[in-house]
Amino acid sequence: MIELAWSILELIRKNPEEYKRHLVKRQMDAALADRFYQVDLRWRKIQVELNELRHRHNVISRSIGKTRDPEEREKLIAEARALLARLKELEAEFERLDAERRDIMMQLPNIVAEDVPVGGEEDSLPIEFWGRPKVWRGHIEAFLEQTEKYGFKVDYDVIDWRPVGHADMLEHVLKLGNTLKAGEVAGSRFYYTFNDIVWLDIALLLYAIDHMTSKGYVLVTPPYMLRHKVMSAVVDLETFKDAIYKIEGEDLYLIATAEHPLAALYFKEEIYDDELPIKLVGISPCFRKEAGAGNRDLKGIFRVHQFHKVEQFVFSLPEESAKIHEEIITNARELFQGLGLPYRIVNIASGDLGACAIKKYDLEVWMPGQGRYREMVSASNCTDWQAFRLGIRLVRRKGMVRDYVHTLNSTAIASTRTITAILENYQREDGVVEIPKVLRRYLEIFKGAPKDYIYPREKPPAGPWRKTS
RNA sequence: GCCGCGGUCGCCUAGCCUGGUCAGGGCGCCGGCCUGCUAAGCCGGUGGGGGAGACCCCGCGCGGGUUCAAAUCCCGCCCGCGGCGCCA
């Protein structure tokens with residue numbers, strides 16, 4: 001018997017109850033698995049009948065070619081026609097079943113890793129803290145809620161003045177952003193940024209690709225749009241609905257992250273085991289509808305429709321993906337340690353995982369203006385979920401066995417979010433923002449770029465502005 | 001955008017005109033024999049699915065159509081190459 005190569009299909013056929021437990025962990029309806037099991041069973045049965053019928057038809061059809069006697073020929077053709085009528089009926093049923101089966105199959109989420117906390121968003125578990133957060137006196141209680149509650153003793157500095165939130169910093173203190181005008185001409189969650197903030201954006205991206213390429217990751221500019229068949233293979237249904245922009249009148253979708261085109265780099269390809277791991281670092285703009293976000297983070301540039309991101313992506317051997325997952329989150333740790341931004345690593349709870357991932361780490365930076373840790377990085381192990389949908393096979397040289405590669409992705413740096421973290425963490429009482437030392441080498445070569453500090457201004461360098469506050 | 005040519009089982013390629021032998025061959029890869037070891041040589045394997053299995057079905061860029069029968073004929077789409085046009 002041929003081994004079922006996709007882990008989820010194999011699991012449902014062999015042990016549907018086990019798979020249902022994973023659905024429950026994800027707070028999903030376990031009936032999905034039952035439905036698939038039944039449809040799959042019937043699909044297999046019909047296929048047997050269909051093959052039988054087709055075989056008989058093929059036998060007759062082949063014999064027609066060898067028959068010289070015209071009378072005999074007519075008889076055989078009539079017989080083939082009769083068989084064909086029955087075949088058509090059965091084929092119609094099979095096609096209906098096959099469509100239903102594929103439809104459910106595309107909805108099946110990955111399993112949940114053993115060491116993922118079970119529950120909803122509130123059950124996500126911080127597992128590590130780094131750095132020395134600046135905590136405003138009024139946020140101390142909230143800070144302890146986010147640290148000591150989980151059994152971690154995190155040293156922090158108390159500050160007496162209240163840091164200005166990133167949105168107000170950008171727009172009203174530094175005056176280097178304009179979301180009002182952007183809102184008018186493009187819509188909410190768009191922005192104009194100017195001068196030093198743009199330099200900061202670019203410096204962050206350079207810093208991230210410098211760090212990643214020095215580790216041997218291959219630098220990639222990917223397509224910023226993908227076809228439907230590719231996009232739907234890379235993301236789950238929810239993401240598609242809530243995040244993906246479509247190009248009017250074309251079969252093209254804007255990427256929400258470089259993860260999508262990077263995963264697609266090996267669309268329908270075979271990868272030999274001795275080529276793995278393949279480590280990529282992509283740089284691209286990201287476009288997101290943020291349809292499910294409601295009113296959250298409406299101000300500033302924390303949650304926007306468009307930003308730049310440097311993304312890590314790895315194709316790996318199945319037996320190595322857990323190890324590589326640790327590697328990519330560690331790369332992110334290094335980047336944020338370099339920036340001197342205090343963070344915590346969170347093991348995301350089962351109910352909050354995307355359908356693709358068996359396990360996800362978020363890196364959240366302490367935001368002194370908001371008094372909260374906020375997500376900057378997300379690192380997922382998708383095992384063979386994406387690879388199956390993209391048809392990316394793994395060929396093991398020993399015995400030429402075929403299964404699926406594993407895929408992993410993680411943010412390296414998302415520019416706008418990281419800027420908000422810098423604006424809050426490097427802010428002084430007088431409103432001056434210090435530039436993290438590690439970024440300075442990427443700025444010093446440019447005459448017009450800021451070097452050490454970004455200073456508050458009286459009025460913006462460009463764009464309409466009315467004195468309000 | 002227009003015209004012409006092309007897309008074959010990992011890679012290269014035959015078959016297409018003139019529909020019907022298992023889609024043939026080369027390379028690579030895997031396994032075996034041989035060998036002190038390697039190479040050469042020889043034998044077998046090398047797309048997907050179903051079936052407990054003997055086997056069977058599907059697969060020639062994708063999707064339709066004609067036919068008892070399609071890699072082969074017809075239509076649409078995608079991609080590549082060459083030429084023309086247009087624009088950086």
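Computed from a predicted structure; not experimentally measured.
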For residues 219-231 of chain A, the salt bridge (charged side-chain N to carboxylate O under 4.0 Å, His left out) pairs (sequence neighbours left out) are none
Side chain to side chain contact (heavy atoms under 4.5 Å, CB included) filter on A:Arg440, not counting sequence neighbours, yields A:Glu434, A:Ile435, A:Lys437, A:Asp452
So the salt bridge (charged side-chain N to carboxylate O under 4.0 Å, His left out) pairs with at least one residue in residues 269-286 of chain A (sequence neighbours excluded) are A:Glu270-A:Arg402, A:Asp274-A:Arg397, A:Lys279-A:Glu327
When rounded to whole Å, the NZ to P distance for the pair A:Lys45 and B:A52 reads 13 Å
Whole-Å distance, A:Ile271 CD1 to B:C29 P, equals 19 Å
Atom CZ of A:Phe388 and atom P of B:G48 are separated, to the nearest Å, by 13 Å
Atom CG of A:Leu252 and atom C1' of B:C79 are separated, to the nearest Å, by 14 Å
Practice item. Could you check whether A:Arg396 gets within reach of a base, just the sugar-phosphate, or nothing at all, counting any heavy atom under 4.0 Å? Key: nothing
Taken to the nearest whole Å, CZ/A:Arg102 to P/B:G49 is 14 Å
Taken to the nearest whole Å, CZ/A:Arg101 to C1'/B:G50 is 10 Å
Contacts of A:Asp40 meeting salt bridge (Lys or Arg N to Asp or Glu O under 4.0 Å) (sequence neighbours excluded), chain-then-number -> A:Arg13, A:Arg44, A:Arg101
Could you check whether A:Glu238 pairs with A:Lys241 (Lys NZ or Arg NE/NH1/NH2 to Asp/Glu carboxylate O, under 4.0 Å)? yes
In short, salt bridge (charged side-chain N to carboxylate O under 4.0 Å, His left out) pairs touching residues 287-296 of chain A with sequence neighbours left out are A:Glu290-A:Arg303
With B for base contact, S for sugar-phosphate-only contact and - for none (protein heavy atoms under 4.0 Å), nucleotides 56-69 of chain B reads SSS---------BS
Table please: side-chain donor-acceptor pairs of residues 385-392 of chain A below 3.5 Å, with sequence neighbours left out.
residue, atom, partner, partner atom, Å
A:Trp385, NE1, A:Leu108, O, 2.9
A:Gln386, OE1, A:Thr407, OG1, 2.7
A:Gln386, NE2, A:Val234, O, 3.1
A:Gln386, NE2, A:Glu259, OE2, 2.7
A:Arg389, NE, A:Ala233, O, 3.1
A:Arg389, NH1, A:Met106, O, 2.9
A:Arg389, NH2, A:Ser232, O, 2.9
A:Arg389, NH2, A:Val235, O, 3.3

In short, ring pair (Phe, Tyr, Trp, His ring centres under 6.0 Å) pairs touching residues 262-288 of chain A with sequence neighbours left out are A:Tyr266-A:Phe315
Closest to the side chain of A:Met400, out of B:C29, B:C78, B:G10, is B:C29
The nucleotide from B:G31, B:C78, B:G51 with an atom nearest the side chain of A:Lys398 is B:G31
A:Glu275 CD to B:G10 P, in whole Å, measures 14 Å
Atom CZ of A:Arg393 and atom C1' of B:G49 are separated, to the nearest Å, by 12 Å
Validation row, ring centre A:Tyr217 to ring centre A:His211 under 6.0 Å: no
Base-pair string, RNA chain B, Watson-Crick plus G-U, cut-off 3.5 Å on both distances, | for inter-strand, is ((((((((.[[[[.)....(...]]]]((((((.......))))))((((....))))..[[[[[..)....]]]]])))))))....
Between B:U8 and B:G83, how far apart are the P atoms? Round to whole Å, please. 22 Å
